[in-house]
Chemist: 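Would you mind keeping the following structure in view while I ask a few things?
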Amino acid sequence: MSDSISQTTETAGTPGRIDTSKPHSARFWNYFVGGKDNYEVDREIGDHIKEIFPGLVDVAVTSRHFLGRAVRHLAGEQGIRQFLDVGTGLPTADNTHQVAQRVAPDARIVYVDNDPVVLAHANALLTSTPEGKTAYLDADLYDPEAVLAAAAGTLDLSQPVALMILNTLGHVGDYEQARDLVRRLMAGLPSGSHLVISDSTATSEGMIAASEAYNASGAVPYYVRGIEEIGGFFEGLELVEPGIVQVPKWRPNPDDSANFTGAVDAYCGVGRKQ
């Protein structure tokens, strides 16, 4: 393993911890974005939800495209060279490190998840340019201080960091607890750091019905929130234009073949710590 690649967890035995009898959010999302790391139970609830609310596929795909645009903006226009991606999910195309290191080969990226499904695929995330570095942490969003302490093994927390929390906070059922977790993570990062959040929102009957169907499937529940609640995560930060918007409308690139101009039930934002 080269110096540019770091793994802080062991994957031996992990597949045995994976429960394939119930749907799983990372595998479910992977199915929606065209990945292959999912099981029949995930595809079954995915197809059921497509019947209830086909627009959730657009949410999944456009949220992935937002990740790319946000990372390119931060690495290219803001000069950010460090990324802390919490709630990584299953690796697909154009993961955070791939996007960042195409812009800035010396970028350092730490992925964080505590899910055995993601852990089993962590090696796919552990690639890097020789100039940069990537690491995967088996750590818990509910312990922000431990996340920061472990991330400090790869990142210089005295320099700006982009904290990425994409389609993850809905797992925290209590809104005030979710806000507190975000605040504690940002508290450990210096001035000039950025917060990047996207999440599904309770902005249509279809999305609400899809959320209810997913939560009734036996999977770990995922709660959709109002637009104003998404905005609340950025309290105390300077919002980057265009503010809190639907994910396709955050700095769209008209020349991008993947550009999507429709409405989706998912909002996002990027905020800067003063």
Chemist: If we ignore angles and hydrogens, is there a donor and acceptor under 3.5 Å between the side chains of Gln274 and Glu238?
Modeler: yes
Chemist: Strictly by modelled atom types, are Asn253 and Arg69 linked by a side-chain donor-acceptor pair under 3.5 Å?
Modeler: no
Chemist: Going by distance alone, is a donor N or O of one side chain under 3.5 Å from an acceptor N or O of the other, for His24 and Asp115?
Modeler: yes
Chemist: Just how far is it from atom CG of Leu137 to atom OH of Tyr111, taken to the nearest 0.5 Å?
Modeler: 12.0 Å
Chemist: Identify, with sequence neighbours excluded, every residue that meets side-chain hydrogen bond (donor to acceptor under 3.5 Å, both in side chains) alongside Arg183.
Modeler: none
Chemist: Would you say that more than 12 heavy atoms from the other residues, nucleotides or ligands in this model lie under 6.0 Å from the CD of Glu40, or not?
Modeler: no
Chemist: What distance separates Leu90 CG from Ser25 OG, expressed to the nearest 0.5 Å?
Modeler: 9.0 Å
Chemist: Can His97 and Ser128 be counted as having a side-chain donor-acceptor contact under 3.5 angstrom?
Modeler: no
Chemist: Ignoring hydrogens and angles, state whether a donor on the side chain of Asp47 or Tyr31 is under 3.5 Å from an acceptor on the partner side chain.
Modeler: yes
Chemist: If you look only at pairs with a residue in residues 217-229, which of them pass as a side-chain hydrogen bond (donor to acceptor under 3.5 Å, both in side chains), with sequence neighbours excluded?
Modeler: Asp199-Tyr222
Chemist: Can you confirm whether the side chains of Gln177 and Asp180 place a donor and an acceptor under 3.5 Å from each other?
Modeler: no
Chemist: Side chains of Asn114 and Asp138: any donor to acceptor distance under 3.5 Å?
Modeler: no
Chemist: Between atom NZ of Lys249 and atom SG of Cys268, what is the distance when rounded to the nearest 0.5 Å?
Modeler: 11.0 Å
Chemist: Between Ser204 and Asp265, does any side-chain donor sit less than 3.5 Å from a side-chain acceptor?
Modeler: yes
Chemist: Do Asp94 and Arg102 pass the salt bridge (Lys or Arg N to Asp or Glu O under 4.0 Å) test, and can you show the C-alpha distance, the side-chain angles, and the key distance before you say yes or no?
Modeler: CA-CA 10 Å; Asp94 278 353; Arg102 278 199 293 268; 2.7 Å; yes
Chemist: Mind checking whether Val240 and Arg251 have side chains closer than 4.5 Å, heavy atoms only?
Modeler: yes
Chemist: For Val41, check side chain to side chain contact (heavy atoms under 4.5 Å, CB included) against everything at least two apart and list the hits.
Modeler: Pro23, Arg27, Tyr39
Chemist: When rounded to the nearest 0.5 angstrom, what is the spacing between CG in Asn167 and CZ in Phe66?
Modeler: 9.5 Å
